Amino acid sequence: MDTEIELKFLVSDAVIPLIPSLITQFAKTVKNKPSRSLQNAYYDTPSRELRALDIGFRTRCSDSECEQTIKLAGEVVGGLHQRPEYNLPIESSRPNLMAFDADIWPHGMQISAISKNLYPIFSTNFIRRTWLIETESGAKIEVVLDKGEIAASGKIEIISELEIELVEGSRNELFAFADVLVSQNCIRLGLYSKAARGYRLADEKPLTPSKSIGFVQLPKSTTQERALVEAMNFGIRFVQKHEQCYFDKPSLKTLRRVTDGISLIRHTFWLYDDIVSKESTEHLRTELKWLLSELAWVENAIQLKTYTSKRHAFYKKINAAPALTQVIGDLKELQPSIDDINALFHSARYNRLLLSLTTWLIDKQWRKDWGQTELQAAEQNVSSIASRLFNKDWKNLHELLPKEQTLDVASYLNLRTQLENSLLSGNCLGSLFDKEERLEFRLPWLDISHGIYELSTLEYLKQLCAGQEDEQLAKIQSWLEQKSEYLVSAMEQSRLASFDIEPYWQK
């Protein structure tokens, strides 16, 4: 058995000619291997039993030689892929699942039944260029460039990938070389394997944006340290998933999901601050703040697009004021373009941030400053910590939003950061509690959170109308004031209803 430790990158055609020189600059010695044409077929049952177990099974032929490969469930953190791999030679391209050692399979897996029902799901065919490099410290890294296509059910997807795999030596050398690669601004980290892409193509299930950020899945017995790892991994994957969704089909709502993932990662540092020191993560926090600032325009852009949509109830009112329509149009022109966002996701700074987060997670860098207190805290069951944190948040919200007090627009806008953080804590730890009770409790607060976003846009539109001597704009401003009052009234109903719902973590 081999365990792959590799980083995967998606590369543009522009950077491919630069790869040999980048390798030469980094390595002490470089050995070129002959290019090979690889024909691969991936097998599964009609009900996708192997896929359900996160097992990949393929045959690969090059020239007159063929082999079959099993890849068992592993771990993907950022762009780093780690999973057990087993290879066996075969006489032809026809696979034989029963030839593998019985000890490798997950407990209870029905190998014989699965073997009888296997058929080829999709194929990947590509030209592979390979370099074996040795660094100054003696580490050996295999670099492969794959150019070709995935084919399934008459559909095609392009393969243009660079993979660097640690053969021998320190993992730090792998990340050091990765840093050199992403500095080119034409390379980005790849989350999805060829197999994952092939299954989506074959089963006609394209990658789609999530409707919400969802919840980090945690067993009740999870320690605080394990919960930290799961939340960080969840956040990184969420960002990378929606980055890819944006490349597949650009949309503002997809970018909003990217900001959700970044916010969750940033919040995780705060949430677990008794085992993660602020000093040791200062650089990561700074870079996360930078990335959020780069995408800070997205929320207003979504709201402006909604308000100026012909399907929106407010369209006729806003369109009746040419001066306002012109200002909104000018603002839209100032928004970053699709090319600008593509450049951001290919930028060295963005990809270095993902690499740094991955390194931080893989190397467990939060442990470097630990004493006995942090060690004990890390081993604590996270369920008790979750209840304590939620109680603290709930108390703070009560103080900010006393039941007997009537709130206005300014009160709700000032609440935004506190409420977002409280909801993010629920995203990180809420899965420890009953799903239905959690949903019932969170719904009013989610309504209020959405209301705050809309309120901020109404305030934005009011500012655009203000200070201009235009009768139509004055009418629009008055109308916007009225809309804000209606919205606050609805939010007040949600807030008051929330006081009658028992907190789900206290049941």
Side-chain angles (χ1 to χ4, degrees), residues 12 185-186 188 207-213 238-266 286-351 353-354 413 416-417 420 449-468 470 473 476-477 480 483-484 487:
S12 68
N185 290 311
C186 297
R188 62 190 179 96
L207 194 65
T208 55
S210 304
K211 292 181 179 179
S212 64
I213 195 167
F238 197 83
V239 169
Q240 286 189 282
K241 173 192 172 180
H242 290 94
E243 171 200 318
Q244 184 58 53
C245 285
Y246 187 82
F247 277 100
D248 292 345
K249 187 178 181 180
S251 98
L252 289 171
K253 288 185 177 179
T254 299
L255 284 183
R256 172 67 203 280
R257 295 283 84 85
V258 173
T259 65
D260 285 343
I262 301 162
S263 297
L264 185 134
I265 294 169
R266 196 177 176 206
T286 299
E287 291 303 282
L288 289 166
K289 185 178 180 180
W290 159 76
L291 187 51
L292 283 173
S293 71
E294 289 291 306
L295 298 171
W297 58 274
V298 170
E299 189 57 48
N300 267 338
I302 290 172
Q303 296 289 356
L304 286 177
K305 183 179 179 181
T306 301
Y307 274 64
T308 54
S309 165
K310 290 182 179 180
R311 293 176 293 178
H312 199 281
F314 300 161
Y315 172 75
K316 287 184 179 179
K317 200 76 172 178
I318 291 175
N319 209 46
L324 179 59
T325 305
Q326 180 64 47
V327 171
I328 291 174
D330 291 343
L331 287 170
K332 286 183 176 180
E333 286 294 320
L334 293 173
Q335 291 170 7
S337 66
I338 290 172
D339 286 343
D340 292 331
I341 300 304
N342 287 350
L344 173 66
F345 288 147
H346 277 104
S347 71
R349 190 169 183 181
Y350 171 78
N351 283 283
L353 172 56
L354 290 181
L413 291 176
R416 179 170 178 167
T417 300
E420 284 180 346
S449 180
H450 294 150
I452 291 172
Y453 285 127
E454 191 166 351
L455 269 183
S456 66
T457 303
L458 289 170
E459 288 300 300
Y460 188 44
L461 291 171
K462 278 190 266 183
Q463 290 171 21
L464 296 180
C465 295
Q468 301 186 51
D470 184 299
L473 284 180
I476 291 284
Q477 191 171 18
L480 290 169
K483 291 298 176 186
S484 293
L487 185 55

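Note that the structure is predicted; figures quoted are calculated from it, not measured. We're numbering straight along the sequence, starting at 1.
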Roughly how far, to the nearest 0.5 Å, is the CG atom of Leu344 from the CG atom of Asn351?
9.0 Å
Quiz question: by atom type and distance under 3.5 Å, do the side chains of Tyr350 and Glu294 form a donor-acceptor pair?
no
Short question: side chain of Ser210, backbone of Ile213 - any donor-acceptor pair under 3.5 Å?
no
Sub-4.5 Å side-chain heavy-atom contact between Val239 and Leu264:
no
Report yes or no: does Asp248 contribute a side-chain atom to a donor-acceptor pair with the main-chain N or O of Cys245 at less than 3.5 Å?
no
Distance col, row Leu334:CG vs Trp297:CH2, nearest 0.5 angstrom, shows 11.5 Å
How far does OH of Tyr460 sit from CG of Leu458, to the nearest 0.5 angstrom?
13.5 Å
Does any non-hydrogen side-chain atom of Lys249 lie less than 4.5 Å from one of Thr254?
no
Side-chain atoms of residues 255-263: list all donor-acceptor pairs with protein atoms under 3.5 Å, sequence neighbours left out, distances to 0.1 Å.
residue : atom : partner : partner atom : Å
Arg256  : NE   : Asp260  : OD1          : 3.4
Arg256  : NH1  : Glu299  : OE1          : 2.8
Arg256  : NH2  : Tyr453  : OH           : 2.8
Arg257  : NE   : Asp260  : OD2          : 2.9
Arg257  : NH1  : Lys211  : O            : 3.3
Arg257  : NH2  : Asp260  : OD2          : 2.7
Thr259  : OG1  : Arg256  : O            : 2.6
Ser263  : OG   : Thr259  : O            : 2.9

Could you measure the distance from the CG atom of Asn342 to the CD atom of Glu243? Nearest 0.5 Å is fine.
9.5 Å
Full working for ring pair (Phe, Tyr, Trp, His ring centres under 6.0 Å) between Phe238 and His242
CA-CA 6 Å; Phe238 197 83; His242 290 94; 4.3 Å; yes
Count the heavy atoms belonging to other residues, nucleotides or ligands that lie under 6.0 Å from NZ of Lys305, then report whether that count exceeds 12.
no
State, yes or no, whether a side-chain contact exists between Pro209 and Lys253 at a heavy-atom distance under 4.5 Å.
no
Closest approach of Glu454 and Gln303, non-hydrogen atoms and distance?
N-NE2, 3.9 Å
Between the CG atom in Leu487 and the CG atom in Leu455, the distance rounded to the nearest 0.5 Å is 4.5 Å
Looking only at heavy atoms, the pair that brings Trp290 and Ser347 closest together is CH2-OG, 4.5 Å
Closest non-hydrogen atom pair, Lys241 against Leu207
O-CD2, 3.8 Å
Which distance, rounded to the nearest 0.5 Å, do you find between the OG1 of Thr457 and the CG of Leu480?
11.0 Å
Do the ring planes of Phe247 and His346 sit parallel (below 30°), tilted (30 to 60°) or perpendicular (above 60°)?
perpendicular
